[in-house]
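Count residues from 1 along the sequence. Please read all numbers here as calculations on a predicted model, not as lab measurements.
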Amino acid sequence: MIARSMQRNGLILAAFACAATLLVVITARLTAEPIARQQQEELLQVLNQVIAPGEHDNDLYQSCIRVSNDKLGSSPQPVYRATMNGEPVAAAMEVTAPNGYSGAIKLLVAVYTDGSVAGVRTLQHQETPGLGDKIEIRKSDWITSFAGREVRGENDPRWAVKRDGGQFDQFTGATITPRAVVQAVERAVRVFKEHQQDWFRRPADCSQPVPSTVPEKAEP
């Protein structure tokens, strides 16, 4: 009798486990598309901040390629190419700064074809609130200081925080974070200048040009 009761309880528990698993799978499938759509919309808002819609006439998502370059990140990074009347204008690259104070910092760096920075925004970070989080556009306009900057020569000393003799402000009580961002943006500019001709010749190859992280919300 006891064995039968235990068997019956075991079957009931197994049934509940199967039902719960099925519910999780169904929920994941139902929410996957809306989540992906929301991520695309949020990324588009950030893209529009670094490459103004009036500066290109193509769909940035449809013109996305994935690039493998250690200077951008350890895994292939999406590059969103902007063109006007078929002519290259700029590209926005997702870039990882691995040496933030509290871990990796993910950025979106846009560069014009003349090598000048179109804009930079933070996609994700874990920096200290009130200190390192000033790399967010919602907390500070510091990240906008990259717009219009250029990298000159093999070693441009201006691309450093002022404590290191460069042109970029550091944060009070937080130098590691801005230093990591400045270095990552400089690397991205150099990579773009070296490879832009090849990048604009390549066919689009992003099947899902959506970041694995949700970008910070667009500025109001």
Side-chain angles (χ1 to χ4, degrees), residues 39-67 69 71-73 77-97 105-125 134-153 156 158-161 166-169 178 180-202 204 206 209-211 213 215-220:
Q39 287 183 327
Q40 285 186 351
E41 291 173 355
E42 291 176 350
L43 177 60
L44 181 59
Q45 291 179 24
V46 180
L47 282 169
N48 286 339
Q49 292 178 31
V50 296
I51 305 177
E55 295 182 325
H56 64 93
D57 58 9
N58 67 314
D59 187 324
L60 298 182
Y61 289 126
Q62 297 300 320
S63 188
C64 172
I65 61 173
R66 293 196 182 275
V67 172
N69 191 298
K71 294 180 180 179
L72 300 182
Q77 301 292 317
V79 175
Y80 304 93
R81 302 169 298 179
T83 60
M84 178 69 77
N85 298 321
E87 294 298 321
V89 172
M93 301 158 278
E94 290 190 30
V95 184
T96 299
I105 301 170
K106 296 190 177 182
L107 306 166
L108 186 70
V109 179
V111 185
Y112 290 118
T113 52
D114 66 1
S116 62
V117 178
V120 180
R121 290 295 184 271
T122 302
L123 296 178
Q124 187 188 48
H125 71 90
K134 293 177 183 177
I135 58 176
E136 292 185 31
I137 189 66
R138 293 175 295 173
K139 303 294 180 66
S140 167
D141 64 356
W142 179 84
I143 201 74
T144 65
S145 64
F146 290 97
R149 306 281 190 177
E150 298 180 12
V151 177
R152 300 174 184 170
D156 191 338
R158 300 173 306 156
W159 280 81
V161 295
Q167 62 185 342
F168 295 94
D169 292 329
V181 172
V182 170
Q183 292 172 351
V185 175
E186 181 187 16
R187 289 196 302 271
V189 174
R190 291 186 182 279
V191 170
F192 176 75
K193 291 174 68 175
E194 181 180 355
H195 298 285
Q196 64 167 305
Q197 292 186 358
D198 173 62
W199 287 1
F200 278 100
R201 284 196 297 261
R202 285 177 48 182
C206 290
V210 180
T213 55
E216 62 169 287
K217 293 186 181 299
E219 51 186 326

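- Ring geometry, F192 versus F200: the interplanar angle exceeds 60°, so the pair is classed perpendicular (tilted spans 30 to 60°).
- With a 4.5 Å cut-off on side-chain heavy atoms, P178 and F168 do not count as touching.
- Heavy-atom minimum distance, N48 versus P53: OD1-CG, 3.5 Å.
- The minimum heavy-atom distance linking I51 with A90 is given by the pair CD1-CB, 4.1 Å.
- Annotation: the span from I135 atom CD1 to H125 atom NE2 amounts to 5.0 Å, rounded to 0.5 Å.
- A donor-acceptor pair is defined here as one N or O able to donate and one able to accept, closer than 3.5 Å; no such pair exists between the side chain of R121 and the backbone of I143.
- Under the rule for a side-chain contact (heavy atoms from CB on, under 4.5 Å), the partners of A184 that lie at least two apart in sequence or sit in another chain are V95, A97, L107, R187.
- No side-chain heavy atom of V67 sits under 4.5 Å from any side-chain heavy atom of M93.
- Annotation for L43 and Y80: closest pair CD2-OH, 3.2 Å, computed over non-hydrogen atoms.
- Between the side chain of R81 and the backbone N or O of S63 there is at least one donor-acceptor pair closer than 3.5 Å.
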Checklist entry - Yes or no on side chain to side chain contact (heavy atoms under 4.5 Å, CB included) for V111 and Q196, after CA distance, side-chain angles and deciding distance? => result CA-CA 10 Å; V111 185; Q196 64 167 305; over 6 Å; no
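- Residue Q77 holds its CD atom at 6.5 Å from CG of L72, rounded to the nearest 0.5 Å.
- Here the closest heavy-atom approach between residue L47 and residue A92 is recorded as CD2-CB, 3.7 Å.
- Evaluation of the side-chain contact (heavy atoms from CB on, under 4.5 Å) rule for R190 yields V151, D156, E186 as partners, not counting sequence neighbours.
- Here the CG-CD distance, from L108 to Q49, works out to 9.5 Å after rounding to the nearest 0.5 Å.
- A search for side chain to side chain donor-acceptor pair (under 3.5 Å) contacts involving E55 returns Y112, not counting sequence neighbours.
- Contact annotation: the side chain of F146 approaches that of V181 to within less than 4.5 Å [non-hydrogen atoms, C-beta and beyond].
- Among residues two or more places apart in sequence or in another chain, the side chain to side chain donor-acceptor pair (under 3.5 Å) test is passed with T83 by none.
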Can you give me every donor-acceptor pair (side chain of residues 113-120, partner residue at least two apart or in another chain, under 3.5 Å) with its distance?
unit_1: D114; atom_1: OD1; unit_2: S116; atom_2: N; d: 2.9
unit_1: D114; atom_1: OD1; unit_2: S116; atom_2: OG; d: 2.7

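- Using a 30° and 60° split on the angle between ring planes, H195 and W199 fall in the parallel class, below 30°.
- The shortest heavy-atom contact between G54 and M84 is O-CE, 3.4 Å.
- Applying the salt bridge (Lys or Arg N to Asp or Glu O under 4.0 Å) test to every pair with at least one member in residues 140-153, sequence neighbours left out, gives no pairs at all.
- Between W159 and V185, the shortest heavy-atom distance links the atoms CZ3-CG1, 3.6 Å.
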